[in-house]
Amino acid sequence: VCDFINYFFENMMTEKTGSIVYDDNEKLIPAAVYPAAPLEPVQLCIVENKGSAEEKLKCEARRIVGIINETMAAGNCIKQSDGTLRPARYSDFTVLLRSTKNKATVLAAEMRKHGIPVIFGTEGYAEKREVSAFLSLLKIIDNPDSDVELLTVLLSPVFGFSESDVAKMRIRHKKGSLYSALVFSAENGDGKCKAVLEGLEKYRLLSVTLPLPRLITRLLAETDYLNRVSALEDGERRRNNLLLLVSYAAQYAADNCGTPGGFVNYVLKQSQSGMKSAAALSGGDTVKIMSIHASKGLQFPVCIAADCAGAFNDGESRSPTLYSVSGGIGFRYYDEDKKQKRTTVGREVILDSARRRASEEELRLLYVAMTRTEDRLIFTAAVNDAEKTADEAQALAALFAGRQDEASLRLRSYAKWLCLSAVLHPNGTALRSGESGIIPADTKSRIGVYVYSSEDDMPELPDSTETDDYIPNAEITEAIIK
């Protein structure tokens, strides 16, 4: 892995691409000795998919599922602390994205369809569904006349109302707050609503007699919420998130009066500042999805850099006016004769400088992604036209006589950088045509390059229904049924 990282960056990070020059002083020198493993240390997978951005992500997710299955079926391939190899586990895999927003959810859902346990963290702690519902319970104990929180709790496993139950309750009493409708239904013979009011009254009395940490522990037990949440998908992680509330409550009560409403506001505020949630799922044996920024300082046995074909942000190119300290101000102007907007030399100089800075920052970020791995490094990219992507890489390699740094300044995605590097690599024959005339670079690094002109060419995935049998907890299941 280190050999390929050195090969890539010694050709990309030069005085022409930014302030950092990747020379002998910067090169990675592996401290550990790795036994021979049956798999390629680095892979680049290019998949053709002409669908939407979401369809491309789903296509990549299926290729990632294949990679995970292939790695786990390969036998001993992950290095242990004693220098020997062991089989891979789900927890060995981490999928890295430039940005997880609107992407991690799509990847995770598609991977779960094929039996891969996945966890990702794009939400704050207070936004976790199980935490949000319990915070709503604390809120209505403090102030029941809050429609959103009351509705959340009624529909949660705490009270188990259906949408139909809530609708009927509201139809009976259309005016006033939801709480007034709850009271009205309870006073008119609705046993379910009466039980809610009795429960809230009981919890309200507990809130003024018990310390906050003990109140939360008691509520989790008496409502059976902890057990019911544990029976859901990702049950262990959800359970641990709820147990964290007890710990956070103790921290809060040590410095504050410890009211439920005050604690809710505390959690909401701290969640925005990075309050941590539980990361355990199925005993910790799960594939993780995270942003490259969030992975800084961490190491993982197998890193999969996904969505590599995603274009870099180039918003400045659309701005009519650009400014820089050295270049001043650059404008677009309207050509009266040709009736169209035209750019100016000054604006193009400023734009070129801005793109170079952005490119340098993206190189740094890619370096972070590559150096998170220990055993295997894999890149996936879904492109509109795989053949065209390969041809562009060949053409640029020929145009710039193999100068990857100069050619890279014209490219606006990790996938295009990687294809340019791979087409000049001795193992990059999948990207080169017979008449390319490209002389491969002299490097001892290894990379497997795979180009799939359609998803049909990819290795077939097992049926998504073929997952390990799950044996439910009979007591928890019975509680849910009741």
Side-chain angles (χ1 to χ4, degrees), residues 1-13 20 22-46 63-64 66-68 70-72 74-98 287-290 292 294-308 362-381 404 414-415 417-428 430-431 440-450:
V1 173
C2 288
D3 287 339
F4 178 78
I5 294 172
N6 287 335
Y7 160 74
F8 181 87
F9 284 103
E10 70 186 5
N11 287 294
M12 288 288 191
M13 275 187 174
I20 299 176
Y22 198 86
D23 53 21
D24 290 340
N25 294 323
E26 303 293 336
K27 284 184 179 180
L28 298 176
I29 301 174
V33 177
Y34 282 74
L39 300 169
E40 297 152 327
V42 183
Q43 269 190 23
L44 171 61
C45 299
I46 305 295
R63 178 76 285 258
I64 290 170
I67 290 167
I68 292 172
E70 291 160 12
T71 305
M72 295 183 71
N76 296 332
C77 59
I78 303 298
K79 183 176 178 291
Q80 301 183 96
S81 57
D82 62 1
T84 60
L85 297 176
R86 62 166 175 79
R89 300 186 287 259
Y90 287 125
S91 56
D92 293 326
F93 298 87
T94 299
V95 180
L96 298 178
L97 297 165
R98 287 173 64 242
V287 176
K288 295 171 285 295
I289 300 177
M290 65 174 63
I292 298 174
S295 73
K296 287 181 178 179
L298 303 176
Q299 294 291 138
F300 311 100
V302 183
C303 280
I304 303 172
D307 192 36
C308 287
E362 291 291 352
L363 267 176
R364 289 195 187 109
L365 194 60
L366 184 56
Y367 180 81
V368 171
M370 287 193 188
T371 53
R372 297 311 91 202
T373 195
E374 295 173 332
D375 293 83
R376 295 196 75 202
L377 176 61
I378 297 156
F379 306 97
T380 64
Q404 297 179 41
Y414 290 159
W417 282 351
L418 290 162
C419 285
L420 175 63
S421 183
V423 82
L424 290 163
H425 193 282
N427 300 143
L431 292 171
D442 182 16
T443 174
K444 64 179 182 179
S445 63
R446 291 188 295 139
I447 180 174
V449 181
Y450 300 91

With no hydrogens and no angle check, do the side chains of Ser445 and His425 hold a donor and an acceptor under 3.5 Å apart? yes

Given Tyr7, which of Met12, Gln404, Lys27 fulfils the side-chain contact (heavy atoms from CB on, under 4.5 Å) condition? Gln404

State, with a plain yes or no, whether a side-chain heavy atom of Phe4 is found less than 4.5 Å away from one of Glu40. no

Decide yes or no on side-chain contact (heavy atoms from CB on, under 4.5 Å) for Leu424 and Asn11, but give the supporting numbers first. CA-CA 11 Å; Leu424 290 163; Asn11 287 294; over 6 Å; no

Is the number of heavy atoms from other residues, nucleotides or ligands under 6.0 Å of Asp442 CG greater than 12? no

Quick one: does Ser421's side chain have a donor or acceptor within less than 3.5 Å of a partner on Leu418's backbone? no

Could you measure the distance from the CG atom of Leu44 to the CG atom of Asn427? Nearest 0.5 Å is fine. 11.5 Å

Could I get the full list of side chain to side chain contact (heavy atoms under 4.5 Å, CB included) partners for Glu362, not counting sequence neighbours? Arg98, Phe312, Leu365, Tyr414, Trp417

Please test Phe300 against Lys288 for side-chain contact (heavy atoms from CB on, under 4.5 Å), starting from the C-alpha separation and ending with a verdict. CA-CA 10 Å; Phe300 311 100; Lys288 295 171 285 295; 4.0 Å; yes

Can you check side-chain contact (heavy atoms from CB on, under 4.5 Å) on Val368 and Arg364, steps first, answer last? CA-CA 6 Å; Val368 171; Arg364 289 195 187 109; 5.9 Å; no

Hey, does the side chain of Asn6 reach the backbone of Asp3 with a donor-acceptor pair shorter than 3.5 angstrom? no

In chain order, what residues pass the ring pair (Phe, Tyr, Trp, His ring centres under 6.0 Å) check against Tyr367, with sequence neighbours excluded? Phe9

Met290 versus Leu96: any side-chain heavy-atom pair under 4.5 Å? yes

Could you go through the side-chain contact (heavy atoms from CB on, under 4.5 Å) check for Val302 and Ile78 one step at a time? CA-CA 9 Å; Val302 183; Ile78 303 298; 3.9 Å; yes

If only side-chain N and O atoms count, and only distance matters, is there a donor-acceptor pair under 3.5 Å linking Thr71 with Arg376? yes

Ion pair check, Lys79 and Glu374, cut-off under 4.0 Å: no

